[in-house]
Amino acid sequence: MKLFVSEGNPHCLKVLAVLKLTGVKCDVQHVNHEEKVVPHLSRPTLPALLLPSGMHLFSANSICRYLGEVSGQPSSDLNNQWLEWEASELQPAVAQALHLAVLQGKGSEASSALQGQLSYLEQSLCKKTTPFLTAEIVSVADVVLWAALYPILSDHGLVLGDQGKVQNWFERVGMLAACESAAQEVLQGKGLKSEALKAYMQKQPAPPHSQAQKRDN
Amino acid sequence: MALKELSSLEKALGLKKPNKYSTQGDKKVPVLQRSNGPALSGLVTIATYLVREANRAELLGESAEHRAIVQQWLEYRVTKVDGCQKEDIKTILKDLNTYLEDKVYLAGNQFTLADTLMYYGIHHIIVDLAVQEKEKYVNVTRWFDHVQHYPGIRNHLPPVVVLKNRVYTGSHH
């Protein structure tokens, strides 16, 4: 098995943190953002995992779920639900927030782009009696959501409103050695100020419906 | 849309008692209220749960690797195909066409839940393709035709004629 990652890419933060957490044996190769690893996709897509069968996984969440399963943690309904929410609801908002904050220097607009998703997460955490999203112990879903929010929530310059539960949960996950070391490796432990993140963002297409795009048109 | 799909999936799985669904948020994300546990939300999460309820776990893949590939295409369906812009459609079709070149189904040689949900999600795109486009993306249309003729899958959707010569062979009734 071989995992391809690139620096500054928050999706690579997800898979490296889960890889370190689960201890699954896998070669890791650092490539640049433009490297075309998956032959059947027109756009370069990272991270990518080359499976023993020769097929590729090209979605970070699927790679994380797979690493969880081969380390003996099959995905529960609740874990599935958080991974689906992350991919379909949180990601579009994060992409827009990062675009605004990293490329346009509009930190305040960035936090409002994420407000709805952060409130949803806050409400869900308020209803829970466990320290993590699905259980007493950290799950793949915790690490995936933590990594998605890492660039934004680790930046204390951003004012994010009253999300105390989210902050506590975020710090709890971030204290894990696997997360800390993956954050160093991918983003030098820096959030929005990471040069590597900026270089990555510059290679990404502008998110659809973004304010920026509307104005440019 | 998602609710129709879930009801078609229930039929395809042979689940006798239809479930009750609601939706949440602007995107009308489906929510399933369960008597035996907390509510579940999200099309893929609910569909995966229904497959297990119907004791058809093989439709989710038979090994960790196979399951990961199935989940990846399910995610692709809800993140890339759903709500795609006009200019994205070509990329989606081109990429799927390359991918399906040496495969019968999305996860290889076996039919899985990924085929069912991708078929439901991509139906409106395939309906609109001109004949030349259907020929251009021949692996996609071949796959699409396999799935729409797979027993019990089509349900709420009208059949699409994908390959000219098929119309005259009379092999599909």
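Numbers restart at 1 for each chain; the letters A, B, ... are given by sequence-line order, proteins then strands. Hydrogens, waters and symmetry mates play no part in the numbers below; they use all other heavy atoms, side chains included.
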Tell me, yes or no, whether the heavy-atom count around [X] atom [atom1], taken from other residues, nucleotides or ligands under 6.0 Å, exceeds 12.
X: A:Lys128; atom1: NZ; result: yes
X: B:Asp102; atom1: CG; result: yes
X: A:Lys198; atom1: NZ; result: no
X: B:Lys103; atom1: NZ; result: yes
X: A:Lys36; atom1: NZ; result: yes

Note, A:His40 side chain near B:Glu101 side chain (heavy atom, < 4.5 Å):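 Side chain of A:His40 against side chain of B:Glu101, heavy atoms only: no contact under 4.5 Å found.
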A:Leu83 vs B:Gln71 side-chain heavy atoms within contact, under 4.5 Å: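 They are not in side-chain contact.
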Of the backbone (N, CA, C, O) and the side chain (C-beta and beyond), which part of [X] lies under 4.5 Å from a heavy atom of chain A, both, or neither?
X: B:Glu87; result: neither
X: B:Leu43; result: both
X: B:Arg77; result: neither

Interchain contact, A:Phe58 with chain B, by part (heavy-atom threshold 4.5 Å):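 Interface part for A:Phe58: both.
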Structural part of A:Pro74 lying under 4.5 Å from a heavy atom of chain B: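 Contact with chain B involves no heavy atom of A:Pro74 at all.
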To the closest 0.5 Å, what do you measure between [atom1] ([X]) and [atom2] ([Y])?
X: B:Thr91; Y: A:Arg43; atom1: OG1; atom2: CZ; value: 9.5 Å
X: B:Gln72; Y: A:His56; atom1: CD; atom2: NE2; value: 10.5 Å
X: A:Gln81; Y: B:Thr48; atom1: CD; atom2: OG1; value: 11.5 Å
X: B:Tyr49; Y: A:Ser76; atom1: OH; atom2: OG; value: 13.5 Å
X: B:Thr45; Y: A:Asn79; atom1: OG1; atom2: CG; value: 9.5 Å
X: B:Ile92; Y: A:Ser42; atom1: CD1; atom2: OG; value: 10.0 Å

Criterion side chain to side chain contact (heavy atoms under 4.5 Å, CB included) on B:Arg67 and A:Arg65, from CA distance to verdict: CA-CA 10 Å; B:Arg67 279 189 284 279; A:Arg65 186 200 311 263; over 6 Å; no
Option that, when pairs with chain B are counted at under 4.5 Å, heavy atom only, ranks first among A:Pro92, A:Ser75, A:Pro39, A:Ala87: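 Between A:Pro92, A:Ser75, A:Pro39, A:Ala87, the count favours A:Ala87.
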Selection from B:Gly108, B:Ser41, B:Ala68, B:Gly37 maximising heavy-atom pairs under 4.5 Å formed with chain A: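 The residue among B:Gly108, B:Ser41, B:Ala68, B:Gly37 with the greatest pair count is B:Ser41.
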Among the listed options B:Lys94, B:Glu75, B:Arg52, B:Glu65, the residue most often paired with chain A at heavy-atom distances under 4.5 Å: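 Option with the top pair count is B:Glu65.
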Closest non-hydrogen atom pair, A:Glu84 against B:Val44: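 Closest approach of A:Glu84 to B:Val44, heavy atoms only: OE2-N, 3.0 Å.
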Stepwise side-chain hydrogen bond (donor to acceptor under 3.5 Å, both in side chains) check, A:Gln91 with B:Thr79: CA-CA 9 Å; A:Gln91 263 320 311; B:Thr79 57; over 6 Å; no
